[in-house]
Amino acid sequence: MDFDDLLNRYFGSSAIAEIRPGALEAGIERMLVDFGLEQDRGKRFALWSLLFLLGAAPDLQASFENEADREAARNLMDMLAATENFDG
């Protein structure tokens, strides 16, 4: 899943700054439904990652049955946290 495609599919724009008022909440709601229905591990991870970036990701234990997927999610969280503290 391509990041721009996800943004366009759920929010109608590939630029977060251009998302219409109310569209963010509606898009997140649709993403959560699709996340719950998705069976493909890679697609689930992509959806979860975008939900995480938007502050709406479900709990790791509830989201991923596979420990490797949970670990990948933890790694993503750690990498993003490290970039917030980057002074370079």
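Everything quoted here is computed from the prediction, not taken from an experiment.
Panel note: side chain Trp48, backbone Ser63; no donor-acceptor pair is recorded below 3.5 Å. The backbone N or O of Phe64 sits nowhere less than 3.5 Å from a side-chain atom of Arg44 that would complete a donor-acceptor pair.
For the atom pair Leu50 CG and Leu7 CG, the distance stands at 5.5 Å (nearest 0.5 Å). Here the CD1-CD distance, from Ile19 to Glu25, works out to 9.5 Å after rounding to the nearest 0.5 Å. The structure places CG of Leu80 at 5.5 Å from CG of Leu53, a figure rounded to the nearest 0.5 Å. To the nearest 0.5 Å, atoms CG (Leu47) and CE (Met31) are separated by 5.0 Å.
Glu29 meets the side-chain hydrogen bond (donor to acceptor under 3.5 Å, both in side chains) test with no other residue; sequence neighbours excluded. For Arg30, the side-chain hydrogen bond (donor to acceptor under 3.5 Å, both in side chains) criterion is met by no residue, not counting sequence neighbours.
Looking only at side-chain heavy atoms (C-beta outward), Glu71 and Asn66 stay at 4.5 Å or farther from each other. Put simply, the side chain of Leu54 reaches to within 4.5 Å of the side chain of Phe11, judged on heavy atoms. Counting heavy atoms from C-beta on, the side chains of Asp34 and Tyr10 come closer than 4.5 Å.
Pairs of residues two or more places apart, or lying in two chains, that qualify as side chain to side chain donor-acceptor pair (under 3.5 Å) and include a residue from residues 52-61 are Gln61-Arg70.
Closest approach of Ala56 and Leu32 over heavy atoms only: O-CD2, 3.8 Å. Contact detail for Asn8 and Ser14: the closest heavy-atom pair is OD1-N, 3.2 Å. Minimum interatomic distance between Phe35 and Pro58 (heavy atoms only, all atoms of both residues): CE2-CG, 4.0 Å.
Within 6.0 Å of atom CD in Glu67, more than 12 heavy atoms from other residues, nucleotides or ligands are found, so the atom counts as buried in its surroundings.
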